[in-house]
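Remember, it's a predicted structure, so these values are computed and weren't measured experimentally. Counting starts at 1 for both ligands and their atoms, in listed order.
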Amino acid sequence: MGSSINIFLGLLIYVSVAHTTIFTSAKVYVVYMGGNDSDDPDEILTKNHQMLVSVHSGSVEEAHASHLYSYKHGFRGFAAKLTEDQALQIAKMPEVVSVFENKRRSLHTTHSWDFIGLVGEETMEIPGIWPESESFSDADMPPVPAGWKGKCQSGEEFNITHCNRKLIGARYYLSGYEAENQNSQYDDDPKNKKSFRSPRDSNGHGTHTASTAAGRYVTDMNYKGLARGGARGGAPMARVAVYKTCWDSGCYDADLLAAFDDAVRDGVHIVSLSLGPDAPQGDYFSDAISIGSFHAVSRGISVVSSVGNEGGKGSATNLAPWIITVAATSIDREFTANFEMGNGVKLKGESLSVLQMEAPARIISASIANAGYFTPYQSSYCLESSLNYTKTRGKVLLCRHAERSSESKVRKSEIVKAAGGIGMILVDENVDVAIPFVIPAAIVGKKVGNRILSYINKTRKPSSRIYSSEAVLGSQAAPRVASFSSKGPNGLTPEILKPDVAAPGLNILAAWSPAIGQKLKYNILSGTSMACPHVTGIVALIKAVHPTWSPSAIKSAIMTTASIFDKTGKPMRVDPEGRKANPFDYGSGFINPTTVLNPGLVYDSTSMDHKAFLCSIGYDQKSLRLITRDNTTCEDQPFSTPSNLNYPSIVIPYLKSNFSVTRTLTYVGNSDKKTVWTSVVAPPRGVEVDIVPRRLVFSGYGQKMNFTATFRFSGEPRGYVFGWLQWRNGKVRVSAPLVVRAVPFDLGSGV
Ligand SMILES: *[C@@H]1O[C@H](CO)[C@@H](O)[C@H](O)[C@H]1NC(C)=O
Ligand SMILES: *[C@@H]1O[C@H](CO)[C@@H](O)[C@H](O)[C@H]1NC(C)=O
Ligand SMILES: *[C@@H]1O[C@H](CO)[C@@H](O)[C@H](O)[C@H]1NC(C)=O
Ligand SMILES: *[C@@H]1O[C@H](CO)[C@@H](O)[C@H](O)[C@H]1NC(C)=O
Ligand SMILES: *[C@@H]1O[C@H](CO)[C@@H](O)[C@H](O)[C@H]1NC(C)=O
Ligand SMILES: *[C@@H]1O[C@H](CO)[C@@H](O)[C@H](O)[C@H]1NC(C)=O
Ligand SMILES: *[C@@H]1O[C@H](CO)[C@@H](O)[C@H](O)[C@H]1NC(C)=O
């Protein structure tokens, strides 16, 4: 096996500029060939090369030059530079499931440019690791277990001594990235250099997410003195292996699959991916994350991933049922800056700026500070160059932020500062993400914004004074679903609820890479990227206590114990409008680490169930045989609609008059006496729900029992409606969301 890896590295060197000029119309494609069979890796490599030679008119050199990766441990396939025509030829070959372009993914951090302070340039998004962080200390950790096959790959400013008993593996993948970014000045101009050619983290994302999942206890974690205190990740004794697949322009499919392929071989137990495609997501087997995770899960590896930060309805990504897909919520800590108006009125807004004004100063609406050809309307958004220095100097500016715009809020504070302003109040609907402004500043909602405007309008010399940000506990109900967190329904398979669960992802403090910006050791970030590793940490805890549980059983435990209430006991709400949240916002609800180890019953499923799921959504026999490498047919499968996958939530997206689904529960409690479970239903509005049988009696660990849920439509159709089903035994409650959309008329097939 070692020699095949050497061959593989040798091939990388072939990808030279000279060759790329030959294939001017070539692009990188991923060729996916299903599950791996028993072929030895060298033979797989040879076969891949034969396929490439055959589409390169027999030229061995061109075939070698076009090859980027061969995947041979977790699944089969390769990545290569091909013309469209060559890609089509390969797609027709009998062993091929799919051929797709090397698409770019992005990290699921919101406003990361704001946190990095690198505005106007490409965002640097690189989940590597800062190995010196105290969060990855290996003090008191036992030696690395013998089963670990991973490695510590050296590279720029990173060598094998950087790995330890905590950080047990570190690799990086850049062939797919480099093939797509040939024109970047990477090597030529050191000033433009944005990342280390090694597993080292130069942008903080990887260090932040890894320390959230599994960071050691750090006694004094804080952000510029804010939120000071001891902190640790979810599973501080878990080991970490880093697979760096993301670079300045994103994370490419070819590299992601190479990382999955190695991770499976290395022997990881959990894969955590805080990244994903932009919505709408592609089909499962032309999507690197779906493919990699399918094969990982079929080998008992749990895969946790973020739902995305697009916020809108139907924007959820990472939709495959074998992934645990995580939405983001607030925690009970807010970062607020108080400010005072000249009339004595005290207000507050969201901010991470630790700067404050020493005295009150004149406050004006940015619209009257317009410079040159900018209209007052344009200037009211404090756009680049739109502010007149004479009018702005020494003042506090009231600026606006366009809804759902990707404009940097940090940048606005820099623009105000450059124009001589000494403070800023930013009016924005999304008052949840705290921003590290460069001057004293605060974000307020429209209501407060209008109050301030009207004070400015009515007052001859309006003034204001902004104080530094403070961490405030319990000022608002928490958790709330973050405004940016992507929402269901599932755009690919509406029968599967996504997201699955929600976890903290708003203003999260964790370790950071001091390679950039203000050289911080810890930083505060927001995104479903930050929510994902909270769940990863919990998966690690469950695996430690229940090592034999399947990825589906672990996922079920996390989902059925989640809560749909906030800490005050009221239904959870959604930022910014404060509407009542539903399963499209949080899936089964907010994770509950205290009950997750004792879920009582689980909705388990196996790779065979996932195969049946693929049959039910129309995958053909040929693809399925390649994917699963077995001889079963779709006719053998136990169900024909994806609603019947044994999932811990139930969605009926097209209810005509009535519809039944079957679920199987497995007892995983520790009683060896009989336990009696009773169903309790909160039916969705206008829908009757019948559970048969209503009581289930389990007599021992691992016993399975079925029940049927019949949904009958009894009212006016009103779009999606929500309810829940619980199985109760004493204090243990096994909850599942119910989501139904009645369509009494025929929507036609294939909708
Ligand atoms: C797939 O590859 C792995 C590692 O290379 C090997 O252990 C496993 O047996 C292979 N799977 C099958 C079904 O042959
Ligand atoms: C690896 O890095 C450590 C710490 O930076 C340094 O002391 C050591 O000499 C390096 N080793 C190699 C082989 O480069
Ligand atoms: C800025 O405002 C001052 C005072 O109103 C005016 O004299 C000047 O021309 C303005 N400059 C620009 C660039 O708009
Ligand atoms: C403030 O005055 C401006 C014009 O002077 C007007 O357009 C705006 O509606 C007023 N705003 C409030 C909140 O009174
Ligand atoms: C599938 O069927 C083929 C031919 O009928 C046989 O050679 C092969 O061993 C079977 N594979 C499995 C996994 O049963
Ligand atoms: C359920 O729906 C089917 C048609 O889909 C219908 O024939 C049957 O009578 C319905 N059953 C009940 C109890 O409503
Ligand atoms: C439960 O249902 C599955 C299919 O949905 C079936 O294969 C299995 O035999 C059933 N188990 C019991 C105990 O009825």
Proximal ligand 3 atoms for [X], defined as those under 4.0 Å from one of its heavy atoms:
X: Ala371; answer: 14 (O)
X: Gly372; answer: 12 (C), 13 (C), 14 (O)
X: Asn388; answer: 1 (C), 2 (O), 3 (C), 8 (C), 10 (C), 11 (N), 12 (C), 14 (O)
X: Lys391; answer: 2 (O), 5 (O)

Any chance NE2 of His269 has more than 12 other-residue heavy atoms, nucleotides or ligands included, within less than 6.0 Å?
no
Worked verdict on Glu414 versus Arg411 for salt bridge (Lys or Arg N to Asp or Glu O under 4.0 Å):
CA-CA 5 Å; Glu414 288 169 348; Arg411 185 63 196 148; 2.8 Å; yes
Determine the minimum heavy-atom distance between Ser605 and Ser552, stating which atoms define it.
OG-OG, 2.9 Å
Testing the basics here: between Ile564 and Ser588, what is the closest heavy-atom pair and its distance to 0.1 Å?
CG2-O, 3.6 Å
Counterpart residues, salt bridge (charged side-chain N to carboxylate O under 4.0 Å, His left out), relative to [X] (two or more places apart):
X: Lys412; result: Glu407
X: Lys446; result: Glu403
X: Lys395; result: none

Give one line per pair: atom of ligand 7, protein atom, distance. Only N/O to N/O under 3.5 Å.
unit_1	atom_1	unit_2	atom_2	d
ligand 7	2 (O)	Asn706	ND2	2.3
ligand 7	11 (N)	Asn706	ND2	2.9
ligand 7	14 (O)	Asn706	ND2	3.2

Using a distance-only test with no angle check, is there a side-chain donor-acceptor pair under 3.5 angstrom linking Asp636 and Thr633?
yes
